[in-house]
Amino acid sequence: QVTLVESGGGLVQAGGSLRLSCTASKRTFSTYTMAWFRQAPEKDREFLAAIRWSGGSPYYANAVKDRFTVSRADAKNSVYLQMNSLKPEDTAVYFCNADMKIWGQGTQVTVSS
């Protein structure tokens, strides 16, 4: 079974940037989709972005499409989320997801004002 490990979270001031990483222990090549979600206290888990190992254009939630960029490094079985122009409202635990079935443990992102 695939294991996902996130890293790169931390504390950043408003307007700053962070780059999150997600490394998978293995991947499939035909239908394997990687995605990023986040969840703040008292809120539902929110979809942010998704990308396929096989190619195609990434898909972004409207709330973040102008500020966040998802990318992949196939040789490393890794996906990334570049987050720019961060706002305090972006404060949440950020999760990596594989094929809408497997979740990482999450990494905390805190944006101060």
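Predicted, not measured: the structure shown is a model, and the values here were computed from it.
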Subject >> Residues that Glu46 engages under side-chain hydrogen bond (donor to acceptor under 3.5 Å, both in side chains), provided they are two or more places apart >> reply: Arg38

Subject >> Close side-chain approach of Val79 and Trp53, heavy atoms under 4.5 Å >> reply: yes

Subject >> Heavy-atom donor-acceptor pair, Ser25 side chain to Val2 backbone, under 3.5 Å >> reply: no

**OP:** Identify the heavy atoms of Met83 and Val109 that sit nearest to each other, and give their distance.
**Re:** CE-CG2, 3.9 Å

Original post:
Hey, does the side chain of Glu6 reach the backbone of Gln105 with a donor-acceptor pair shorter than 3.5 angstrom?
Top reply: yes

**OP:** Considering non-hydrogen atoms only, spot the tightest contact between Ala40 and Thr91 and give its length.
**Re:** CB-O, 3.7 Å

**OP:** Quick one: which residue pairs count as a ring-ring contact (aromatic ring centres under 6.0 Å, His included) with a foot in residues 70-96, not counting sequence neighbours?
**Re:** none

**OP:** Compare all side-chain heavy atoms of Met34 with those of Leu4 and state whether any distance is below 4.5 angstrom.
**Re:** yes

Original post:
Does Asp99 reach the main-chain N or O of Thr33 with its side chain, forming a donor-acceptor pair under 3.5 Å?
Top reply: yes

**OP:** Tell me, please, which residues at least two apart from Arg67 pass salt bridge (charged side-chain N to carboxylate O under 4.0 Å, His left out).
**Re:** Asp90

Original post:
Can you list the residues that meet the side-chain hydrogen bond (donor to acceptor under 3.5 Å, both in side chains) rule with Thr110, with sequence neighbours excluded?
Top reply: Gln108

Original post:
Does any pair with a residue in residues 71-113 pass disulfide bond (SG atoms under 2.5 Å apart), and if so which ones, sequence neighbours excluded?
Top reply: Cys22-Cys96

Original post:
Under 4.5 Å between any side-chain heavy atoms of Arg45 and Trp103, yes or no?
Top reply: yes

Original post:
Within a strict 4.5 Å, meaning less than it, do heavy atoms of the Phe37 and Met100 side chains meet?
Top reply: yes

**OP:** Return the set of residues passing side-chain hydrogen bond (donor to acceptor under 3.5 Å, both in side chains) with Ser78 (not counting sequence neighbours), or none when no residue passes.
**Re:** Thr23

Name the atoms and distances for all side-chain donor-acceptor pairs under 3.5 Å in residues 9-21, with sequence neighbours left out.
residue: Ser17; atom: OG; partner: Asn84; partner atom: OD1; Å: 2.9

Original post:
Do Ile51 and Tyr60 have side-chain heavy atoms sitting under 4.5 Å apart?
Top reply: no

Subject >> Partner residues of Ser112 under the side-chain hydrogen bond (donor to acceptor under 3.5 Å, both in side chains) criterion, sequence neighbours left out >> reply: none

Original post:
Is the number of heavy atoms from other residues, nucleotides or ligands within 6.0 Å of CZ (Phe47) greater than 12?
Top reply: yes

